[in-house]
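Structure first, commentary second.
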Amino acid sequence: MRKLNVGIIGAGRIGQLHADNMLRLNVINLKVIADLHIEHLNDTHFYQQIPLITTDPEKIFEDPAIDAVFICSSTDTHVKFIKAAAKAGKHIFCEKPVSFNIEETMEALKAVQEAGVKLQVGFNRRFDQHFRKVYETVREGKIGNPHIIKITSRDPQPPHEEYIKRSGGMFMDMTIHDFDMIRYLSGKKVVEVSVKAANLVNPIFEKYNDVDTAITTLTFEDGSLGVIDNSRQALYGYDQRIEVFGDLGVAFAENERYTNVQIATKDSILLDHPKFFFLDRYKAAFMSEIHEFANAIIENKAVSCSGEDGYMAELIALAAQKSVKEKRSVMLAELEKEDLRV
């Protein structure tokens, strides 16, 4: 079996997660990890299992044996590395979002298109077995035509201040996953975005002109509706639920819990808490997304989450930001008219 030779740029939490998963897959050969800071990898298993750990990302682009680059560095470096990888003829996996600037995202996608390489954006929730089953149920027509799609996405606790000030805000950092998921489930174009948002969890978000609580309503091209509710703090755990309601029925996925045991007495029925951390909740999905990416390259198939999907999620995030700022509904066509069309 052919293996995909891979280099990773970025050795933070997500880069290390992907590296660990790659080392477990028989379709990927991880050759290089590059980061400006690699001291934290000293005395780890990575030094025993990966041929090269370096502070120079050019080592990846210069190696003709490397087929693909995983970009797991900070968002402000994504476009630079996408362009460099495309120029070097490497396929690309990039963590979300592609960038905080839609014009720069378009430049990156153009470079990918001109180079003829593949780009997959890291919306890992598409690869969750429960969410994918809902997606397949909708595509098979079992619930008829979708009328309402609901997504609940609530973090167990707020991120630290250093993360908040560089995250790009709730809609570009957190809700962007839900914007992608709602497009994935619907299969239709979002035409209108309306948001009501507040600061109810922690004043630190307001310090950085951000919000911590939001209800987003989306209208699709056929008039069907989507609703996303977000909070930066759900004390009971990582709350991740979806529902698609159609004219023939409904499909939904509940939270994944630590156990599925229920304890029923005359006083109450007790369930375990939802999993608390996103790495626990989406552990299998992270593995599946890189496995599918590798197979897409090896078998020359389309990736499961394209650069255009990343662009559209960013566009909706910008519309959400505009809705909050201007206190009104925003048509996506307003942004597209500003010469932002792919």
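In this chain, residues are counted from 1 in sequence order. Computed from a prediction, not measured in an experiment: that's the story for all the values here. Side chains are part of it too, since the values below use all heavy atoms of this structure and drop only hydrogens, waters and symmetry mates.
Among the candidates H78, E314, K110, the single residue satisfying the side-chain hydrogen bond (donor to acceptor under 3.5 Å, both in side chains) test with T105 is E314. In summary, of the residues considered (R232, Q233, Q240), a side-chain hydrogen bond (donor to acceptor under 3.5 Å, both in side chains) with D155 occurs for R232 alone. Exactly one of K189, R183, K188 qualifies for a side-chain contact (heavy atoms from CB on, under 4.5 Å) with S186. That residue is K188.
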Residue pair D128, R281: steps toward the salt bridge (charged side-chain N to carboxylate O under 4.0 Å, His left out) verdict: CA-CA 9 Å; D128 174 74; R281 171 60 182 83; 2.7 Å; yes

Steps toward salt bridge (charged side-chain N to carboxylate O under 4.0 Å, His left out) verdict (E334, K322): CA-CA 11 Å; E334 296 178 40; K322 191 176 183 71; 5.0 Å; no

Working for salt bridge (charged side-chain N to carboxylate O under 4.0 Å, His left out), residues K96 and D180: CA-CA 10 Å; K96 63 81 195 170; D180 178 70; over 6 Å; no

Evaluation steps, side chain to side chain donor-acceptor pair (under 3.5 Å), between S224 and D222: CA-CA 6 Å; S224 58; D222 66 346; 2.6 Å; yes

Check against salt bridge (charged side-chain N to carboxylate O under 4.0 Å, His left out), R154 and D229: CA-CA 8 Å; R154 302 169 185 161; D229 82 79; 2.8 Å; yes

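In this structure, Y258 places its OH atom where more than 12 heavy-atom neighbours from other residues, nucleotides or ligands lie under 6.0 Å away. For N209, the CG atom counts as loosely surrounded, since its 6.0 Å shell holds 12 or fewer non-hydrogen atoms of other residues, nucleotides or ligands. Heavy atoms from other residues, nucleotides or ligands lying under 6.0 Å from NE2 of H45 number more than 12. Within a 6.0 Å radius of NZ in K31, more than 12 heavy atoms belonging to other residues, nucleotides or ligands are found. Other residues, nucleotides and ligands contribute more than 12 heavy atoms inside 6.0 Å of the CD atom of E136. At most 12 heavy atoms of other shown residues, nucleotides or ligands fall within 6.0 angstrom of atom CD1 in I269. Other residues, nucleotides and ligands contribute at most 12 non-hydrogen atoms within 6.0 Å of the CG atom of D43. Residue Q113 qualifies as open at atom CD: its count of foreign heavy atoms under 6.0 Å is 12 or below.
Ring orientation note: the planes of F245 and H147 are nearly perpendicular, at an angle over 60° on the 30°/60° scale. In this structure, Y184 and Y135 have parallel ring planes: the angle between them is below the 30° cut-off, well short of the 60° mark. The aromatic rings of H18 and F286 stand perpendicular to each other, their planes meeting at an angle above 60°, with 30° marking the opposite boundary.
Ion pair K165/E162 flagged as a salt bridge, since at least one NZ, NE, NH1 or NH2 atom sits closer than 4.0 Å to an Asp/Glu carboxylate oxygen.
Here the CG atom belonging to L271 is positioned 10.5 Å from the CG atom belonging to N255, to the nearest 0.5 angstrom. Distance CG/L109 to OG/S99: 9.0 Å, rounded to 0.5 Å. Rounding to the nearest 0.5 Å places CD1 of I9 at 9.5 Å from CG of D35. The distance from the CE atom of M170 to the OG atom of S231 is 6.5 Å, given to the nearest 0.5 Å. For the atom pair SG (C72) and CZ (F81), the distance works out to 11.0 Å, reported to the nearest 0.5 Å. Taken to the nearest 0.5 Å, the CD atom of Q120 stands 7.5 Å off from the CD atom of E292.
Hydrophobic clustering, with ILVMFWY side chains joined whenever heavy atoms are under 4.5 angstrom apart, groups F293 together with L25.
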